[in-house]
Amino acid sequence: MSSFILRRLIQTLLLLFLLSIVLFALVNLAPGGPMVGLGQNRRVRPEQLEMMRRQFGLDQPLPVQYIVWLAGNDWMQVDSDGDGLPDQPGQRLGVLRGDFGTSINTRQPVLSEISQRLPNTIYLMGITIILAILIAIPIGILSATRQYSRIDIALTTFSFAGQAIPEFWLGLVLIIIFYAWLKNPFTGDPLFPAGGMYSLAGSSSLTDRLWHLILPVITGALGWISWYSRFIRASLLDVIHADYLRTARAKGLSERIVLFKHALRNALVPLITMLALDLPTIFSGAIFVELLFAWPGMGRLYYQAASARDYPVLMAVLMIGATFIILSNLLADIVYAYLDPRVRYE
Amino acid sequence: MADQRDWLSTEVEVERSMPGVNMTSAVWRRLRRHPGAIAGLILLGLLVAAVGLANFSPYNPEASEMSIKFQPPSLQHWMGTDALGRDLLTRVLYGGRISLTVGLIVVAIALLIGVPVGALSGYYGGWLDVLLMRVTDTFLSLPSFMVLILLGAFLREIKIPLIERNNVLTIGLVIGSLSWMTTARLVRATFLTIKSMDYITAARSMGASDWRLISRHILPNAIGPIVVESTLELAYAIIEESGLSFLGFGIRPPTPSWGNLLSDAQNYFVASPWLAIFPGLMIFLTIISVNYIGDGLRDAFDPYKVLEKVGEY
Amino acid sequence: MKNIQKVILFTVVAAALFVSIAGCAPSPATPIEPPSSITIVIPEDPPNFNPILNDTGYDGLVMEMTSMGLTDIDADGKVFPELAAELPTTENDGVQVGDSGAMEVTWKLRQDVKWADGTPFSADDVIFTYQAITNPDTGSWFQGVDYLSDVEKVDQYTVKFFYSSVYTGYLTQFGGEQMSIWPAHFCKPEQGFVNWDCNRNPLSLGPYTLKEWVEGDHMIFERNPNYYQAGKPEIDTIIVKIVPDDTVRKQMMLNGDADIDMWVKEVVIEDLKKSDKVKVSITEAPRWVMRIFMNQSQRGETSFGMPHPLFSNVLVRRAIRQAIDVDTLTKGIFLGYAQPVWTEFFREPYVCNIPRPTYDPESAKALLEEAGWQDTNGDGIRECHNCGTAEDGYVMEIEFGTYAEFGESMTLAQQLVSEQLKVIGIKTNITQTEGSVLWADSQSGGIEQSGNYDMDMWDDGYAGVDPTDFLWEYYSVEAATPDYGYNFVRWNSPAFNDLLGLSYTLDETVRKDLFCQMAKILDEQVPQILLFTIVNADAYSARLDGVHSNANDLVTWNVADWKIVK
């Protein structure tokens with residue numbers, strides 16, 4: 001098992017290296033280049049732009065930029081005054097030493113930007129996914145055990161409907177209904193806040209935080225509930241039809257015991273693996289929910305960086321996102337091996 | 001969510017599809033007994049027919065008529081009119097063409113890339129398998145919606161013939177290039193399972209070529225999962241296109257798509273709700289019917305059910 | 001049995017892990033229960049407090065709360081002193097022009113202004129700011145800097161700027177919506193103007209100080225006790241809340257959860273007007289003019305003398321002007337908030353009497369016939385037949401672009417114009433581009449600067465009362481050089497250029513006359529088609545008093561005067 005993990009880790013590092021090249025090329029493919037983002041301020045002179053390119057190291061050829069991004073430039077001389085001659089050592093440490101560079105938009109270290117947003121996203125997405133699973137499990141069980149019954153058809157339709165509503169549309173409808181239209185009959189206040197994580201004025205207690213969570217979590221969770229309930233239904237059905245359960249039934253065990261002791265247990269294995277695979281979304285966030293509900297998370301940071309061509313931020317979010325995905329794949333494999341005795345890795 | 005579905009159920013499913021049955025007719029027979037799938041088929045048929053009839057609309061989807069802007073639904077304009085007084089029904093039908101085309105392009109790309117990659121990888125194995133699966137893994141490791149946003153944001157400024165500035169083809173290609181991996185894995189899994197079976201060995205010893213073995217003997221076994229996966233991809237493509245439009249990276253006006261009709265409507269959500277309701281309804285109905293068809297197909301391809309039926313007879 | 005235990009164990013561990021992570025989520029700001037507080041909602045964070053760097057408008061919004069310039073521009077376009085004790089003019093000997101044409105401007109500064117830390121504001125700060133911006137390695141650029149040659153500290157509260165020639169925009173050069181004065185004792189010059197920490201953590205000189213900034217969520221400003229105007233500002237706390245979605249911001253205004261929503265669009269104004277809780281302040285003196293740019297050079301050419309097949313002929317440009325039904329655009333799409341405009345000189349004090357061009361598709365068609373464009377194959381699109389600027393048979397088909405960020409009304413306007421041009425036989429292919437790509441410098445692939453367009457439509461206008469710089473940027477021959485100006489229609493008019501050169505004078509009578517001569521040339525030559533003004537409107541809660549929308553500045557330009565009435 002440990003040699004398996006070691007091998008996978010080495011593969012992971014190779015994959016990440018490959019990905020970093022692909023993503024770096026992709027990000028730099030855009031027409032114009034990062035300085036385009038500063039073109040909104042049209043009162044900038046060419047000399048000024050030249051200077052800014054130098055400040056961000058964008059005057060270098062792409063391969064050099066990649067090396068600087070990866071390994072920094074404090075070990076080489078850079079041209080800081082634009083006379084074409086390298087005159088002083090660079091200041092960047094490179095991703096390998098934990099320096100993701102400086103945001104072109106805010107001129108702040110990229111990592112500090114991310115660290116301000118990441119906890120908010122984990123908070124929102126974690127609750128969303130946990131809630132989604134808690135709701136999805138009973139739905140899945142009910143659907144699978146009563147396959148083709150009326151309740152199954154109703155739940156299936158609900159699941160499909162959950163996947164058929166665009167998230168931004170649902171969010172907007174919820175805000176209009178629960179913020180704009182419906183009022184608390186006693187106080188006249190809106191039923192739910194329009195957005196944000198907590199009230200700025202007045203108390204920001206636990207209830208206040210929960211109150212702010214409800215609409216964004218519903219908006220975000222609907223899709224997950226649909227997805228997980230279908231998944232649980234499918235994996236339960238797989239197990240229910242399996243031979244050993246036939247045997248168990250044939251031995252005269254009650255359907256209840258068969259279901260909860262044998263079927264459910266085995267159906268949970270793929271669910272937990274799937275959960276491990278979905279962990280990265282906790283990092284990347286839900287862009288529509290964050291935009292509509294003014295939630296200061298990673299999705300919005302990324303969206304703004306994509307609109308403003310903030311390359312260092314884009315690269316950092318994409319790379320960290322990819323790392324999360326690869327690591328959770330690894331985690332899923334390990335969990336799968338741990339939980340399912342039939343699986344053995346050589 | 002999209003790129004990870006069926007991650008596990010894949011191999012299990014494939015093992016179950018046994019060759020030798022006249023698949024098409026058997027599947028169709030079983031599909032007919034699935035009420036959801038039939039309802040889905042009828043609904044989707046109606047939607048496609050309506051969208052196909054867009055040309056017969058008496059209204060021009062792009063010609064403005066400022067005197068009748070923001071009319072609520074009426075006998076003349078069943079879905080009302082928009083900010084330029086254009087008939088919303090006509091625009092929704094034309095938009096449906098665009099959205100469904102995006103979906104079909106995505107499915108086509110997933111098949112064109114996914115099936116060969118999976119088949120070659122699974123059939124030949126060895127270094128080719130390692131190489132192709134590394135590529136697949138790399139794509140699976142991309143945070144897909146983030147990359148989608150990135151490509152949408154960048155490609156809308158690029159002018160290459162054919163994929164000029166986020167037209168239908170561009171958006172289809174972008175979404176498609178990020179959703180072929182599941183198909184590839186499904187096909188590969190089928191090949192791994194089937195290629196060592198007796199009847200394949202027999203066919204090979206009788207001198208059947210690799211091409212014949214791949215296309216005639218092994219690939220048909222993967223049709224079930226591929227078809228189911230394709231329906232899911234169609235649905236996701238339509239949703240993703242609407243999401244991109246909301247972010248401003250989708251198909252550009254004046255070409256209407258369900259996605260940009262819906263996102264344009266958000267300014268008028270309260271004052272002229274029909275502008276938001278009808279495109280949203282179309283997306284909703286399309287996806288729900290596609291999902292039902294996919295569900296029915298999944299069950300229809302499910303051999304356990306076949307066995308049960310056989311046992312009943 | 002063992003399996004289920006593992007499952008449970010795993011779930012518990014995962015849940016514990018999650019709870020511990022969630023526990024790390026930042027705890028909310030210290031609860032504040034301020035005596036008086038208002039909320040401004042904006043869609044994105046300001047990048048910093050220095051609008052010279054990014055100029056997103058949100059940086060200007062917060063800059064106006066914490067900083068001051070020597071002068072500012074009010075809603076009517078009049079310049080008023082802020083840090084200056086008075087406006088320097090030739091009458092009060094603040095401005096002197098030597099025989100060589102060189103100009104000296106002497107600024108007398110207020111002596112009662114203090115930075116938030118108690119340090120008095122002085123001439124050193126002005127000189128410090130000037131030197132930081134003009135630093136060739138770490139500086140930036142601001143309007144008219146090319147005319148400046150030197151600066152001198154006369155005494156603690158007097159600064160003298162030297163100009164190599166007459167620069168008419170001197171009054172607003174160190175003020176307005178972008179420029180502010182930075183503290184010499186606080187900002188670190190070695191960090192450089194573009195990067196110094198005080199860009200995001202400024203020392204206040206204005207009515208408010210930044211107390212807290214949670215990125216992506218909110219900023220809290222508190223009144224600056226050291227503000228020089230006694231008793232102002234009245235409101236204790238201003239919260240700037242980041243709310244990305246337009247519809248949500250509108251609903252927050254209607255529900256009373258937000259007090260200011262800046263730059264509201266026409267459709268939103270219509271919705272807000274129905275509520276008695278919200279008022280909308282609309283600038284009476286508009287600034288932004290929607291205009292159409294027609295590239296007179298061939299696509300991809302940045303020099304004169306490579307004529308565009310359509311637009312190098314002035315008859316075609318005039319035909320397009322006559323084919324556009326401006327009233328339908330202003331009333332139908334901009335809901336009557338837009339006012340038709342047909343000359344640059346429609347704002348006081350430079351108003352020139354130019355007759356409004358008529359909307360007349362028939363005479364537009366006649367103009368195109370005269371220019372040698374006819375439709376002989378009956379497809380509704382004209383081709384060149386002896387047009388002189390293209391080969392015979394060249395089809396009258398062009399790309400018609402705009403920028404995407406403006407929003408839906410621009411897209412609709414573009415579609416209407418496209419339809420109207422089709423009526424006279426010109427086919428347009430509509431595109432929308434990000435503004436940052438459309439306007440970028442030519443080296444970054446900026447579409448207009450590198451000449452890669454046929455016809456574009458967007459809005460611009462000048463702040464304040466002096467159009468000279470604006471005219472230079474858009475119409476002078478020099479400004480046709482890529483990246484040095486915005487004459488990317490490559491219009492070459494020596495006559496106009498001469499008049500423009502003469503207008504750099506302080507003699508107002510001469511300037512008025514020169515501008516109206518220019519107006520005539522612009523009207524005849526049609527380098528741009530001016531269509532209508534764009535409304536500059538800010539929504540504010542009815543409980544507020546003193547909010548006054550200002551097209552020359554951001555809504556917070558007079559934040560110190562705001563009051564809560566109820």
Side-chain angles (χ1 to χ4, degrees), chain A residues 11 14-16 18-19 22-23 26-27 29-32 153 156-157 159-161 163-169 172-173 176 180 223-224 227 230-231 234-235 237-238 241 270 273-274 277-278 280-281 283-284 287-288 291 299 302-303 306-307 309 314 317-318 321-322 324-326 329 332 336, chain B residues 1 4-9 12-13 34-36 40 134 137-138 140-143 145-147 149-155 157-159 232 235-236 238-239 242-243 246-249 259 262-263 266 269-270 276 280 283-292 295 298-299 302 304-305 307-308:
Chain A
Q11 282 177 1
L14 275 173
L15 191 58
L16 276 176
L18 202 71
L19 265 177
V22 171
L23 289 175
L26 197 65
V27 163
L29 262 180
I153 291 170
T156 299
T157 309
S159 291
F160 289 162
Q163 289 165 15
I165 301 174
E167 212 169 68
F168 67 88
W169 202 81
L172 214 51
V173 170
I176 285 172
W224 291 101
W227 157 237
R230 292 306 289 170
F231 183 81
S235 35
L237 283 175
D238 276 345
H241 293 298
T273 321
M274 181 53 67
L277 282 173
D278 281 334
T281 45
F283 166 80
S284 57
I287 192 162
F288 300 112
L291 279 173
Y302 183 81
Y303 173 66
S307 313
R309 301 288 157 85
L314 286 179
V317 177
L318 285 170
F324 264 73
I325 291 179
I326 294 173
N329 272 303
Y336 194 50
Chain B
M1 274 187 273
Q4 290 155 0
R5 57 187 176 261
D6 291 341
W7 187 82
L8 286 154
S9 47
V12 190
E13 238 170 58
H34 193 290
R134 278 298 82 96
D137 282 350
T138 312
L140 276 174
S141 307
L142 292 170
F145 198 67
M146 288 194 166
V147 176
I149 289 172
L150 192 73
L151 289 175
F154 290 176
L155 285 175
E157 313 305 347
I158 286 185
K159 286 192 284 179
L232 287 174
Y236 274 104
I238 291 172
I239 285 273
S242 77
F246 178 76
L247 299 176
F249 304 138
L262 190 57
S263 63
Q266 70 152 324
F269 221 105
V270 179
I283 293 181
F284 183 82
L285 291 178
T286 308
I287 291 179
I288 217 165
S289 55
V290 166
N291 273 339
Y292 260 120
D295 190 48
R298 193 190 292 270
D299 286 354
D302 186 355
Y304 279 100
K305 214 179 146 195
L307 293 179
E308 270 173 14

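- Interface remark: A/Leu291 contributes side-chain atoms only to the contact with chain B (heavy atom separation under 4.5 Å).
- Considering only heavy-atom pairs separated by less than 4.5 Å from chain B, the leading option among A/Ser235, A/Pro166, A/Gly321 is A/Pro166.
- Only the side chain of A/Leu23 comes within contact range of chain B, with heavy atoms under 4.5 Å apart.
- For the pair B/Ile287/A/Ile165, no side-chain contact is recorded, criterion being any heavy-atom separation below 4.5 Å from C-beta on.
- Highest contact tally toward chain A, considering only B/Asp137, B/Ile239, B/Leu247, is held by B/Leu247 [criterion: heavy-atom pairs under 4.5 Å].
- Atom CH2 of A/Trp169 sits about 13.5 Å away from atom OG of B/Ser263, to the nearest 0.5 Å.
- A heavy-atom distance below 4.5 Å is not found between the side chains of B/Pro143 and A/Phe324.
- B/Phe145 and A/Phe288 have their aromatic ring centers within a separation under 6.0 angstrom.
- Across all non-hydrogen atoms, the minimal contact from A/Ile325 to B/Ser141 is CD1-O, 3.3 Å.
- Taking every heavy atom of both residues into account, A/Tyr302 and B/Val147 meet most closely at OH-N, 4.2 Å.
- In this structure, OG1 in A/Thr156 is found 10.5 Å from CD1 in B/Ile288, a value given to the nearest 0.5 Å.
- B/Arg134 approaches A/Leu15 most closely through the heavy-atom pair O-CD1, 4.4 Å.
- Taking the six-membered ring where tryptophan is involved, the planes of B/Phe249 and A/Tyr303 are tilted, since the angle between them lies from 30° to 60°.
- In this structure, chain B has no heavy atom under 4.5 Å from any part of A/Ala234.
- Contact of A/Gln11 with chain B is made through the side chain alone, with heavy-atom distances under 4.5 Å.
- Between A/Arg230 and B/Asp295 the shortest side-chain heavy-atom distance falls below 4.5 Å.
- Among the candidates A/Leu26, A/Leu18, A/Ile153, the residue making the largest number of heavy-atom pairs closer than 4.5 Å to chain B is A/Leu26.
- For a residue to count as touching a neighbouring chain, one of its non-hydrogen atoms must lie under 4.5 Å from one of that chain's; by this rule A/Leu314 touches chain B with the side chain only.
- For the residue pair A/Thr157 / B/Tyr292, a side-chain donor-acceptor distance below 3.5 Å is found, with atom types taken as modelled.
- For B/Val290, no part sits under 4.5 Å from any heavy atom of chain A, backbone or side chain.
- Of the two parts of A/Ser159, neither the backbone nor the side chain holds a non-hydrogen atom closer than 4.5 Å to a non-hydrogen atom of chain B.
- You'll find the side chain of B/Leu150 reaches within 4.5 Å of the side chain of A/Leu318, heavy atoms only.
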